[in-house]
Structure formats: structure tokens, C-alpha cells
There are 2 protein chains.
Amino acid sequence: MCGIACQNAGMDIVSSKPSGVRARKRQETLERIAETGLRLFSRNGYEATTLDAIAEGAGISRRTFFHYFKSKEEILLDWQLRGFSASLRKAVLAQPAGKGPVEVVRDAMLILSDGFRTQEFISIDRVLRSSETLKARKQATYGLHEQALYATLMERWPDPDRGATLRLVAMASLGAMRLAIEAWIQAGGDRPVDSFLHAAFDGLASEFGKPS
Amino acid sequence: MCGIACQNAGMDIVSSKPSGVRARKRQETLERIAETGLRLFSRNGYEATTLDAIAEGAGISRRTFFHYFKSKEEILLDWQLRGFSASLRKAVLAQPAGKGPVEVVRDAMLILSDGFRTQEFISIDRVLRSSETLKARKQATYGLHEQALYATLMERWPDPDRGATLRLVAMASLGAMRLAIEAWIQAGGDRPVDSFLHAAFDGLASEFGKPS
DNA sequence: GAATATTTTTGCATCGAGTGCGATTTGGCC
DNA sequence: GGCCAAATCGCACTCGATGCAAAAATATTC
């Protein structure tokens, strides 16, 4: 539960000093572990990378690792969550008024879609698809993103009666994004991500918009 | 990968004898393990149930367990997959012609929704929600259901050009079902499952059907 | 029915992830 | 300097999972 987010909790609450050196070293160590882990995962595979190897590469003991990450998988979880949910929230709230929820989410995702092109994203996504356990974790992360997006949408349209439909919007939008990314990777990255994202939302509209 | 489905593969293909006693005993053992596991999970919790306990309860050795299930989690995975994907496929293919994909899937799900009321379903679903790892697995299973449903839809509408939209239909429909079940469990089971399912599909139609 | 082949079961040794505990070190604070 | 709290570490341990080879159960052949 406590990845990168809460290592310096209390700083802003208690008036005691931020304790400069400690927080900085802790931050550095955290990043060093994550970096080392992701690098070894990409190079040698996830299963083949032992905690001992990560610990040694990061210059800490095996035991200390667990003071920074709850598990080996959490390195990947943390990476997935690090930026995306937060930036999606920002992009959603920055959308102009007058649009409906679906359009808002779609346009926000289109803005973020550049981030999927990076070598880091593609490389780590390959790791995420390399084993059943990790695929499960990846799916689960989409669940977390779904919750986060739902919360953001409720923040923007704070009508309790819309809760259920906003949940649906979050679910279907993130699903559309997931399928768009999958199709894009499948296609080898020729066409831009945007076009897949557009196609996905258009597809949803045409299939679910019909008179029932 | 090989749960209950393939333990007697070859029986129907090769003309060699079905080997009566072996297949039957194997089947019995498999069911005994699954039963024991699910019972212990529901009673004592997932983490607290060790493989030794399951093995002892099923009357086998710890090592033999792994000849029937690849992992402890697979007992739950298997249970989830056992019926649902297959019956959904059946229900989808049994729908009358003339309906669109979304209606077909929705109506098929409405038929199956009775199965969610059972005590077994509710009890095991509680186990599935009891830890982060299992929640991840549950989400992943929806991914497998998604693949299966997509395959079924492609079977019914074998137009390669529709592949992308049928994938979207499978994704959004199963997502709608998931949210409907969650809402139903959240509500304590007062209103019937059907109404939540209807509401979810209607919600998708009204949100995504708007002119963009 | 006995001998043989194949599958199933089992015990044992081993690996790796994860946890609890207590000792030691390090940084913050007076 | 000395005191407190936090970080690091080593160690022992549990548990899930795998490889291997022997033993037991079942199927097959003559």
C-alpha cells in the first residue's frame, strides 16, 4: 500500500522538521531499487530476477528491500500507478465545461497517449505480459485506475444519482484504452496510438448506441 | 492451464480404451481436492489455509496436489472458469438471429444471472475479495472470460472486419456484468440481479450512445 | 495369471518469496 | 557530547512451488 506516495507522510502535517538528509536518502534508495528492479526485469525476465540480485544491485540487504516495497511485484505495480492515474485525473479536470463524461475522458486519454510511445513503457509492458501472474496484476491495476477515474469523475459531476453511470464510463473507457493499446502493440506501432483510441470509442458508440 | 477440462483428453480421439478405473479415480481425486480447498478457504480464509491442510483433507500427499493444480490459486481460478465461460458461450449461441451483438450478450447474461444467487457463489466471491492478490486474480479471470466471449462472438459473426468492435462488446459487456454484480452484492441482495444488469446496459447505451 | 510397461503417488531435497525478531548503525535533536 | 527514533541488517523460519527418483497402482501383453 505504501509505495512512493507516503514515505514522507507527516512532513506536511506535523510541524517537526522535514529531516532533510533522511528523506533524501530514503527517496534515493527507493528510486535506486525501482530502477535496478525494472532494469533487471527487462534484461533477464521477471522470474529469473531474484530479490537478492535486486538488493545487491541497489546496494542494500535483502531484508531492507521489504522496507521499501511490500513485494517483488510491487515494483511493477508502483511503476504502473506512479504517473498514470494522477495525470489522467489532471487531464480530466482540465477539460473544458460543456462536454459529457465520455468525451471528457476520451479527450483526456488522447492527450496522455503520447506517453505510451516511450521505450520504457513498451519495454516494461512486455515484462507485464510475460507471465500469468503478472498479467493478472496488470489487469488488477486497471481495476485501480478504474476506481481512481471514477473518483475523479464524481469530483467533477458530484451528483450521487450519476454514480452508477460514471462507474460504467470509467470501466468502459479504460477498457477501450486497454484494447487500443493492445491493438497498437499488436500492430507493431505503425499507426499512431491516437487512431486506435479514436476507433475504440467510436466502436463503443456505434455498438452500444443502437436502439435496444 | 489444465484444470477439469482435459484430464481425459484422448478418450474421444484415440480409439484406445478409456481406462475406466484410472480416469474415474483421477476425476474423483480432482473433485475432492477442489471441494476440500474451497471449503477450507471459505471457513478459515485463503492465506490461513495451507497446502498441507488441503492435501491432508483430500487424503493425498502435498506433492500430489501439484499433479492436479498448478498452484493454490488455481483452485479458485478453476472454480471461476468451470461453468461460466462455457455456459455463456452456450447461451450466446442459442440466442435467436436478428439481434445485434450487444443485445445477444445482454440477454444471454440475463439468463445466467440466476447462478449468481447461489450460496456457493456468494461465499467464494467473498474469498476472492479477501486479499489483494486474489482480487488481482479475479480481475484476471474477467480477462479470460473476455477472451472466451470474444471468441464466441467471432464464431457467431465471423467477419474479420468486426473483430475490433466485437472485442469492445465483450469487454464492455463483461465490465457491465462485473459492476452489476458488485452493486448487487453491495446492496445486500434486495433487488434482483437482473435489474442491476439491465441498468448497467442501459447506462452504457445512454452514455456512449450520445452524439460525439 | 505372470511379466512388462505406463501412469500415479510419494518423499526428499532445494529454491525463492515473504515475515518476525532483535541487534546494530545512522541521522535528528537537545 | 548524549539521547531518541528510524533505518539497516542478519538470522531463523514459514510456505508455495519445482525437480528428481523411487515406490505403488493400474493397464497391457503374452
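Because only heavy atoms are used, hydrogens play no part in the values below, and waters and symmetry mates are left out as well, while side chains stay in. Residue numbering restarts at 1 for every chain, and letters A, B, ... go by the order of the sequence lines.
- Between A:E56 atom CD and D:dC9 atom C1' the separation is 15 Å, expressed in whole Å.
- Distances shorter than 4.0 Å separate none of the side-chain N or O atoms of B:T64 from OP1 or OP2 on C:dT9.
- Taking only distance into account, the side chain of A:R63 never meets the base of C:dG18 through a donor-acceptor pair shorter than 3.5 Å.
- If you check distances only, the side chain of A:R24 never reaches the base of C:dG27 with a donor-acceptor pair under 3.5 Å.
- In terms of position along DNA chain C, the nucleotide closest to B:I60 lies nearer the 5' end than the nucleotide closest to the other residue of the pair B:I60 and A:L51.
- Using a 4.0 Å heavy-atom criterion, one finds that B:T49 contacts the sugar-phosphate atoms exclusively.
- If you take CG of B:L30 and P of C:dT8, they are 12 Å apart, rounded to a whole angstrom.
- Shown here are the side-chain hydrogen bond (donor to acceptor under 3.5 Å, both in side chains) partners of B:T141, two or more places apart in sequence or in another chain: B:Q80.
- Ion pairing between B:R117 and B:D194 holds under the 4.0 Å rule for side-chain N and carboxylate O.
- Spacing between atom CD of A:E47 and atom P of C:dA17 amounts to 9 Å, rounded to whole angstrom units.
- Distances shorter than 4.0 Å separate none of the side-chain N or O atoms of B:Y68 from OP1 or OP2 on C:dT8.
- In this model, the phosphate group of C:dA17 is not approached by any side-chain N or O of A:S71 to a distance below 4.0 Å at OP1 or OP2.
- Taking atom NZ on A:K72 and atom P on C:dT19, their separation rounds to 14 Å, with Å as the unit.
- We find that CG of B:D52 is positioned 11 Å from P of C:dG11, with the value rounded to whole Å.
- Phosphate proximity of C:dG27 to A:K25: present, with a side-chain N or O under 4.0 Å from OP1 or OP2.
- Here the side chains of B:D125 and B:R129 are in contact, with some heavy-atom distance below 4.5 Å.
- The existence of a salt bridge linking A:E132 and A:K135 is confirmed by a sub-4.0 Å separation between a basic side-chain nitrogen and an acidic carboxylate oxygen.
- For the residue pair B:E182 / B:Q186, no side-chain donor-acceptor distance below 3.5 Å is found, with atom types taken as modelled.
- Atom CZ of B:R26 is separated from atom C1' of C:dT9 by 11 Å (rounded to the nearest Å).
- Taking atom CZ of A:R32 as the reference point, atom C1' of D:dT8 lies 13 Å away to the nearest angstrom.
- Looking at heavy-atom distances under 4.0 Å, A:T50 makes contact with sugar-phosphate atoms alone, never a base.
- Between the P atom of C:dT9 and the CZ atom of B:R62 lies a distance of 17 Å, rounded to the nearest Å.
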